[in-house]
There are 2 protein chains.
Amino acid sequence: MKISTKGRYALRVMIDLALHDTGEYIALKDISDRQGITVKYLEQIVTVLNKAGYLRSMRGNNGGHRLARKPFEYRVGDILRTMEGDLTPVECLSESADGINCPKAEECPTLSFWRGLDKVVNDYVDSVTLQDLVDQGKSLTGYDYSI
Amino acid sequence: MKISTKGRYALRVMIDLALHDTGEYIALKDISDRQGITVKYLEQIVTVLNKAGYLRSMRGNNGGHRLARKPFEYRVGDILRTMEGDLTPVECLSESADGINCPKAEECPTLSFWRGLDKVVNDYVDSVTLQDLVDQGKSLTGYDYSI
DNA sequence: AGAATTACTAGTAAAATAGTATGAAATGTC
DNA sequence: GACATTTCATACTATTTTACTAGTAATTCT
């Protein structure tokens, strides 16, 4: 029942990009220095975020990444689902590519319980925006605007 | 963000024991036949449930297991936490045995978000009792009271 | 041309998950 | 008391997932 590092780091990357948004592209090297995550691992994460349309990326000298939208336009749930695949607590609630779900769904005494859990989780993560996390970050002791 | 088979199966075992409660001990063999889970794997699960005080177990001929309380006295959250360790979405919220949590907690922009997720999950699973699942099971099409 | 940076594909070590296997101990029945 | 049945305890194992690392190609600016 854990969120993977990809999901957690993706949130930190998005917050980092929001806090350091100057309109310029931000290199993974800079994020790596601030967040303590290797450039190589960050590459994997931003690739997914980029393909989801959450980032604008540019190769080459002075290249890097920046947010494609304003922070309040990102739901945290969307970011997490993008990284995790989905946030369903049990496999039988996943959108299966081949359309196969549990054949015993009709007689399953726990299915509606899992549906309820799935709903509270997704409703919660969708109620928070990236802007909320950014505001939280700025309000904390020790936040250094210069970095 | 998945519940393991141990957590899912434990719920099925508890429901099974509730639905077939006659006051007698129920052998894992019977649960295995009905639920399609091997006796050996069931052993691992009921051992944990037993040590948590959720079951009364008896060895030997005509031995087996039965619920220690009435179904409405079990919160689903307690059963799941017993099997999963905890239901926290991130490690830093776990009750660490050595008391070590994240040293950057004070400056973490995502901590309160994770706390909120932890709360909605645990509040939800604690709002459902085993009796609710049993009622759900009985109400479904295809439930055969004879087995 | 050359440095910086992302993009793409593959590989790998460690941990977690989902079981199996073996045998001992207890209990009721014949 | 022998025996079948069942839990209890411990250890082992195969597979999958996670969390990275590595190498190289492509792009961009100076």
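Throughout, protein chains are lettered first and strands after them, A, B, ... in sequence-line order, and every chain is numbered starting at 1.
In this structure, R8(B) atom CZ and dT17(C) atom C1' are separated by 12 Å, rounded to whole Å. The interatomic distance linking K2(B) (NZ) with dA18(C) (C1') rounds to 16 Å, in whole Å. Spacing between atom CD of E91(A) and atom P of dT16(D) amounts to 13 Å, rounded to whole angstrom units. Protein atom NZ of K29(A) is 17 Å distant from nucleotide atom P of dA3(C), rounded to whole Å. The NZ atom of K6(B) sits 9 Å away from the P atom of dT17(C) (whole-angstrom rounding). Atom pair E84(A):CD and dA19(D):C1' shows a separation of 13 Å (rounding to whole Å applied). Per the geometry, CG belonging to L28(B) stands 8 Å off P belonging to dC8(D), to the nearest Å. Rounded to an integer number of Å, the gap from R56(B) CZ to dT6(D) C1' is 19 Å.
Between E107(B) and K104(B) there is no salt bridge, since no side-chain N of the basic residue sits under 4.0 Å from a carboxylate O of the acidic one.
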Please write out each protein N/O paired with an N/O of nucleotides 13-16 of chain C under 3.5 Å, distance rounded to 0.1 Å.
none

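Applying the side-chain hydrogen bond (donor to acceptor under 3.5 Å, both in side chains) rule to D86(A) yields the partners T88(A), S94(A), K2(B); only residues at least two apart in sequence or on another chain are considered. Remark: S127(A) pairs with Y124(A) by the side-chain contact (heavy atoms from CB on, under 4.5 Å) rule, at least two apart or across chains. A search for side-chain hydrogen bond (donor to acceptor under 3.5 Å, both in side chains) contacts involving Y9(B) returns nothing, not counting sequence neighbours. For D78(A), the side-chain hydrogen bond (donor to acceptor under 3.5 Å, both in side chains) partners two or more places apart in sequence, or in a different chain, are R75(A), R81(A). Residues passing the side-chain hydrogen bond (donor to acceptor under 3.5 Å, both in side chains) test with D30(B), sequence neighbours excluded: none.
When distances are taken from the side chain of H65(B) to each of dT7(D), dA9(D), dA7(C), the shortest belongs to dT7(D).
OP1 or OP2 of dT18(D) has not a single side-chain nitrogen or oxygen of S4(A) nearer than 4.0 Å. Residue T5(A) places at least one side-chain N or O closer than 4.0 Å to OP1 or OP2 of dA19(D). For Y25(A) and dT6(C), the shortest distance from a side-chain N or O to OP1 or OP2 is not below 4.0 Å.
Under the salt bridge (charged side-chain N to carboxylate O under 4.0 Å, His left out) criterion, no residue pair touches residues 50-62 of chain A, with sequence neighbours excluded. For the salt bridge (charged side-chain N to carboxylate O under 4.0 Å, His left out) condition, the pairs that include at least one residue of residues 8-29 of chain A, sequence neighbours left out, are D16(A)-R34(A), K29(A)-D33(A).
Shown here for G77(A) and D126(A), the closest heavy-atom pair between the two residues is CA-OD1, 3.3 Å.
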Please tabulate, for the side chains in residues 64-71 of chain B, all donor-acceptor contacts under 3.5 angstrom to protein atoms that are two or more places apart in sequence or on a different chain.
| unit_1 | atom_1 | unit_2 | atom_2 | d |
| --- | --- | --- | --- | --- |
| H65(B) | ND1 | S57(B) | OG | 2.6 |
| R69(B) | NH1 | E73(B) | O | 3.2 |

Distance-only criterion, 3.5 Å: show the donor-acceptor pairs between side-chain atoms of residues 109-118 of chain A and protein atoms not counting sequence neighbours.
| unit_1 | atom_1 | unit_2 | atom_2 | d |
| --- | --- | --- | --- | --- |
| T110(A) | OG1 | W114(A) | NE1 | 3.4 |
| D118(A) | OD1 | N122(A) | ND2 | 3.0 |

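The side-chain contact (heavy atoms from CB on, under 4.5 Å) test with L17(B) singles out one residue from L130(B), L55(B), V46(B), and that residue is L55(B).
Note on the helix from dA1(C)-dT30(D) to dC30(C)-dG1(D): terminal axis deviation equals 10°, with five pairs used at each end and the result rounded to 10°.
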Walk along nucleotides 21-30 of chain D from 5' to 3' and tag each nucleotide B, S or - by protein heavy-atom contact under 4.0 Å, base first, then sugar-phosphate. BBBB-BBBBS

